[in-house]
Each structure stands twice: as structure tokens, then as C-alpha cells.
Amino acid sequence: MFLKFREEVIKSLKVDERFVKESDHADLACTVAFKIAKEQKRDPQEVAEELVSEIEPTEYIGSIEVVNGYINFFVSEEFLEDTINLILDQDYDYGSPNMKGEVLVEHTSANPDGPLHIGHIRNSIIGDTLARIMKKAGLNVRTQYYVNDMGRQIAITALGFVRFGIDESKKPDHAIVEAYIRMNEELERNPDIEEEVEDLMIRYERGDREATELFRRVVELALEGIKETLQKLNIQHDEFVWESEFVRNGYVDRILSMLDERGLLKKDGAWMIDLSGLGYEKPVVVRRENGTTLYITRDLAYHLWKNENFERFVNVLGADHKLVGRQLQDILRLLGLKPPEIVFFEFVSLPEGSMSTRRGKFISADELIDRVYAEARKIVENRKELSDEDKDYVARAVAVGALRFDFVKIAPEKQMVFDWRKALDFERQTAAYIQYSHARCCSILRKAVEKGMPDLDFRAELCTKKERDLVVLLSKFSYVITKVVNELKPNVFAEYLLKVANAFNDFYRDHPVLKAESELRMHRLAIVDATRIVLRNGLELLGIEPLERM
RNA sequence: GGGCCCGUGGCUCAGCAUGGAUAGAGCGACGGCCUUCUAAGCCGUAGGUCGCGGGUUCAAAUCCCGCCGGGUCCGCCA
């Protein structure tokens, strides 16, 4: 709805959209008068007034005012009414800007050598939220986990698995990482083992049967545990793509010959691509002297496949992959292929420093989830009206919500230092706050039904300032979705939902609903129901359970 | 050494792409609100040289240059 209003404003002024922005002083404000005033050496206020005098009335522009050269637009009563009616009418479908296209989102893709830690899930949460929002936007989205099964660390894990076995009583990813950590210690004591590692890697790449079985076994175990963790966070991938597949299905050979045909390969024992023309210091090696491929070779092959199957592909990667990511993009461009869009996120570190799976220095996602759940459970314990089963359900939903929200609300480029105290806090600016607002809406509506629910009838002329503000905010849903899909900033959506909850609580405080008289009651119930729908749809996009009671 | 990212009240962040109207929140602090729709809530008060220094502009947290602090990358690893 807000998108339509915005369009009308842009059209009415015949102005570039970058001059039209959101503002505290209006529903939309235009600054173009400053620009024109400068060019014509005139007074901005005068220019603005002149521009406004030429504007034809439209359906959704209610009023216009000129202040200090700003042109301020306010929505019409009709706009408010259409917004509420549209929300109530579309219900679950409300909020889609109806985009089209095939999109692939690759996220998480952590090495299958142990459990996910709190750094990995920043990736998972950003990726999953983005995928949910893109789906809501109308795009056909598939999600993939790229399994790095050919890496050195998997060879080390495999050797550790053979040498020490694993503790079958543990969750498989946690059991696997013990072998990995132990083997790394072993490797430090005895560097001769290095040869074994290399030998195993070569055998796997060549398709040696015994090596393949061993790798499969180890990787599957790790993935089993990883999937379970992701599941707890409401995250599920459509597919797990093993990088070794691209060695076996010919894509690696294809990408190498494409590079060769374009004369991009320098074969000097190893095969490499010289990117110095693009400002890279060192060449990129795509084939070792011993004939085996490297991570980037397989990744290039993967992206050749993506080019053949999708219009748009997005990768979520840690900031440590920036260099490789950009090399990948540039090489693909040199081949005339489409590069992936990459969302880089900065690291999550512990107060005592960065994490390391290899040295066993990390907080696992499982531990985090368990502790946040325990904390939520303590609070839920006070709710006498909930059964034990409900309490468990609510605590779990609150815990997962708190976790997901904490990660998604921070802009990806911001470094995070993990803090237990904050992770276990459920007040304000958190998912619980939004869930709570949603539960309040539900509670009002439940009681209204008990007392005999009247028809919902929103009447713009009955709106107070706060009601109006709330409704305008509700109208921005698809506008915000569009922004997130174009800019790949899921934190913007978290921010938006927080604002909606905030505006609702503002309304809730001094606008009695159930006690209001007939007309007003019907009007306010419509607002409550519309807010409920927006909060519920929004929470689902964040992968957070919209609780009806808590 | 070079590249990239970050630096906004005591703490955590939004705003920066496309410069504009008094720089917004939350936590923490202090003071209030539960015989009234869920107090996981609400209201009020205090608290800011937007890292520092220059520049561009009628206008800079936002753009440009330099510096400082933190992070990260610079393997025939992934």
C-alpha cells in the first residue's frame, strides 16, 4: 500500500525517486526544491510552493504542506481505510510486493568437521531470513548448503575418526569434532602425518572407493548433527550440495577448459589465473602441480551450475572470505558468467578472542540454545494459566526467537562480541517484545469473540494520531520487503517489526478496545486484528513463532 | 607493509548507498504506573565534540583526503 502512495507522490511531482524520502515530519517528504532553488538561485520555499500548486489531487495523497522548502505529503483517509481492508482481506498473503524470478540462497555451508558454533549461526540466520523474505516477496527461492567435503580439515577429521573412533553416545557432530581436535593435536606433535593427510585427499579426489566411503561416513555424521541444530532454529535447507560432486560430474573440467579457451590460464606446473590487471597481488591457483583441484576451482564449477539454473544467486559468507569471494566474482565475470551476490558478515567473537573449531575454542549453537531455553523457561514458570506442555512450547519459541532476533537485528558488517548476559535478556528490542505484542492482540480478539465479536469496521475519521501512525506503519510491510530484497539487509526488516510492536503498545496503552462503544469498538478491533496479522506474518519471516499466549 | 570492514550518550545498536528540518531506540541509572483488554508492558528525568584533523557545500553523522583505535584477509588451506 505504501508503495502505491509513494508512486503517486513521485508521479505527482514528476521527480526522481531519490528526492522522496521517509521523514519524521511527514509520511513522505521531498527535498527537490533545494536542488532546483540552487540551480535557479531562488528561495527553496518559493520553489516548493510553486511545485505544490501544480500538483493534481490523487487518491492516496491526503494533504501536502510546505515547510522551509520541504514538501511534506500525508496519506489520505482513503489510504488508511484501504490499508486496513487489504490486510484483513489478504490475511496470510498480506505483504507481498509480487516480485518474480528464480533465486538460490546459499548459506551456512560450514565445514562438516564439527558442530555449528555461534559464528556459523549468524550466517544461517541471515541466510534463512533472507530466503524467507524473498519467498514472501514472490520469488521462487531455493536454499542450499554447500558441503565442503574435499577440504584438508575433512581429511584430518577422517584420519582422527579412524585412529581414535568416536563417542557414539554423543550428538554426532559433537563426537566428530573430538576426533578432529585430537587429530590436530596429534598433527602438531608429529608433522610426518602431513603426508597421510595429503595422500588421503588425493585418493578422495581421484574417487578411491575406500577413501570415498570413509569421507562420506564422517561428513554424514557431522551433517546429521548440524541439521538437527538448524532444525531447532527453524532452519531447513532444500538441498545439500557436496563440492566433490562437481569434480565427478564434469563441471570442474568444463570450467577449466572455459578458462583455458579464453586464454586465462597460465600453466606453469600448477595452473593459475593472473588477476594482477584487476589489482590482485597474487595469481589464483586453480589446479595444483599434482593435478588436484582447489576450493576455488570447485566453487567456480558450482557457480557455472548456478548460472545454468538460476537468475539470481546469493551467498552468505563470513568476512574472512572477502578476498576469495571477490576473486570468484571477477573470474566469473571474465568468463562472461554472472557472479553471485554476496552478503558478507563480520565475525562473532568471544570476549577472550576469536573462535576456533580446530582448537576446540568455541561456544556451540547447541549449548547456546539450551541455555537460552533454560532462562526462558524460568520466566515462563510464573505463568499459572499455562500448562506444563504450553510452558515448554512457549519457552522454546521465546528462546529461538530471542536468538534469531539478536543475530538478525545487527547489520551484517558489524562485528559482534558474544555476551551471555545479553543473550539471556528478554526485555525490549527483542523478539519476546514482538511476540508479546502479538499475544496481546490475540488476547484482545479472543475476549472480543467470547463477548460476541462484532463486525470489524475501520473508519479513518475516528483515527487518533497514534492510530493513524500505526496504520501507516502497517501499510509499509511490502515496501520494507522490497527494500530488503533489493539491498539484502535483513536487519532492516527486524527493525521494522520492532517499530510496529512499539506503535501497537503505544496504541494499547490509551486506547481501550473492549470497553469502547459500538462504532469505536469495531474500528479499534479492526486495527488490532490488522496489527496481529502484520506481526504474525512478520515474525514468520524472521523464523520466529508468533505465540498466541505467553 | 597493502586491501577490506567497523568506530554514534556508561553499554549495545539504528540512521550513512541517493547530504537537508530538533541525531533516534534499547540496556543500565533515577522517579512514577497493576481492584481497568497479558507489567516479557507503559510514562517521565538525566546522559551525545556522531574516533580525531582538514576539505567540498547554502547545508556533513552522511561525500572527499589524512591520521588514530579495533577486526579481518593477503598458501599449490578451506
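Within every chain, numbering begins at 1; the chains are lettered A, B, ... in the order of the sequence lines, protein sequences first and strands thereafter.
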Reading nucleotides 3-11 of chain B from 5' to 3' and marking B where a protein heavy atom lies under 4.0 Å of the base, S where only the sugar-phosphate is that close, and - otherwise, the string is -SBSS----
Contacts of A:Tyr302 meeting ring-ring contact (aromatic ring centres under 6.0 Å, His included) (sequence neighbours excluded), chain-then-number -> A:Tyr146, A:Phe246
Residues at least two apart in sequence or cross-chain that pass side-chain contact (heavy atoms from CB on, under 4.5 Å) with A:Val285, listed by chain then number, are A:Ala270, A:Met272, A:Leu294
Within the sub-3.5 Å range, which N or O atoms of nucleotides 22-25 of chain B have a protein N or O partner, and how far apart are they?
residue, atom, partner, partner atom, Å
B:rU22, O4, A:His25, NE2, 3.2
B:rA25, O2', A:Gln429, NE2, 2.8

Note to self: Is the phosphate of B:rC43 approached by A:Arg509 (side-chain N or O, under 4.0 Å from OP1 or OP2)?
What the structure shows: yes
Taken in chain and number order and not counting sequence neighbours, the residues that satisfy side chain to side chain donor-acceptor pair (under 3.5 Å) with A:Lys322 are none
Detail all sub-3.5 Å separations between protein N/O atoms and N/O atoms belonging to nucleotides 57-63 of chain B.
none

Across all chains, not counting sequence neighbours, the side chain to side chain donor-acceptor pair (under 3.5 Å) partners of A:Arg521 are none
By side-chain contact (heavy atoms from CB on, under 4.5 Å), A:Ile363 pairs with (sequence neighbours left out) A:Ile118, A:Leu350, A:Glu367, A:Phe418, A:Trp420
Contacts of A:Thr31 and A:Phe426 projected onto RNA chain B by closest heavy atom; the upstream (5') one is A:Thr31
Here the distance between atom P of B:rG75 and atom CD of A:Glu289, to the nearest Å, is 18 Å
Among B:rC37, B:rC74, B:rG41, the one nearest any side-chain atom of A:Arg440 is B:rG41
Please determine if a side-chain N or O atom of A:Tyr496 lies less than 4.0 Å away from the OP1 or OP2 oxygen of B:rG15.
no
- prompt: Can you tell me if A:Arg404 uses its side chain to pair, donor with acceptor, with the backbone of A:Leu542 under 3.5 Å?
  reply: yes
message = Taking only the C1' atom of each, what is the distance from B:rC50 to B:rU62 in whole angstrom?
response = 10 Å
query = Would a distance-only check, ignoring hydrogens and angles, find a side-chain to backbone donor-acceptor pair under 3.5 Å from A:Arg122 to A:Glu346?
reply = yes
Contacts of A:Ile444 and A:Leu386 projected onto RNA chain B by closest heavy atom; the upstream (5') one is A:Ile444
With syn meaning chi within 90° of zero and anything else anti, the base of B:rC34 is syn
Using a cut-off of strictly less than 4.0 Å, decide whether A:Arg383 has a side-chain nitrogen or oxygen near OP1 or OP2 of B:rA40.
-> yes
Backbone N/O of A:Ser244 and side chain of A:Asp149: donor-acceptor pair under 3.5 Å:
yes
Which of B:rA78, B:rC74, B:rA21 is nearest the side chain of A:Leu294? It is B:rA78
The nucleotide from B:rC27, B:rA21, B:rG1 with an atom nearest the side chain of A:Val67 is B:rA21
With sugar-phosphate meaning primed atoms plus P, OP1 and OP2, does A:Thr292 contact a base, only sugar-phosphate, or nothing at under 4.0 Å between heavy atoms? nothing
Given Watson-Crick and G-U pairs under 3.5 Å, RNA chain B in dot-bracket ([ ] crossing, | other strand) is (((((((..((((......[...)))).(((((.......))))).....(((((..]....))))))))))))....
message = Using a 3.5 Å distance criterion without hydrogens, assess whether the side chain of A:His438 forms a donor-acceptor pair with backbone atoms of A:Leu547.
response = yes
Look at the side-chain N and O atoms of A:Arg298 and state whether any lies under 4.0 Å from the OP1 or OP2 oxygen of B:rA78.
yes
Self-check item: Between B:rU8 and B:rU49 - P atom distance, rounded Å
Solution: 13 Å
Residues passing the salt bridge (Lys or Arg N to Asp or Glu O under 4.0 Å) test with A:Asp192, sequence neighbours excluded, are none
Report task. Identify whether the distance between the nearest side-chain nitrogen and carboxylate oxygen of A:Glu17 and A:Arg6 falls below 4.0 Å. Result -> yes
- prompt: So, A:Asp469 and A:Lys465, do they make that salt bridge, N to O below 4.0 Å?
  reply: yes
Residue set satisfying side-chain contact (heavy atoms from CB on, under 4.5 Å) with A:Thr464, at least two apart, ordered chain then number -> A:Lys466, A:Glu467, A:His511
Residues at least two apart in sequence or cross-chain that pass side chain to side chain donor-acceptor pair (under 3.5 Å) with A:Lys378, listed by chain then number, are A:Glu375
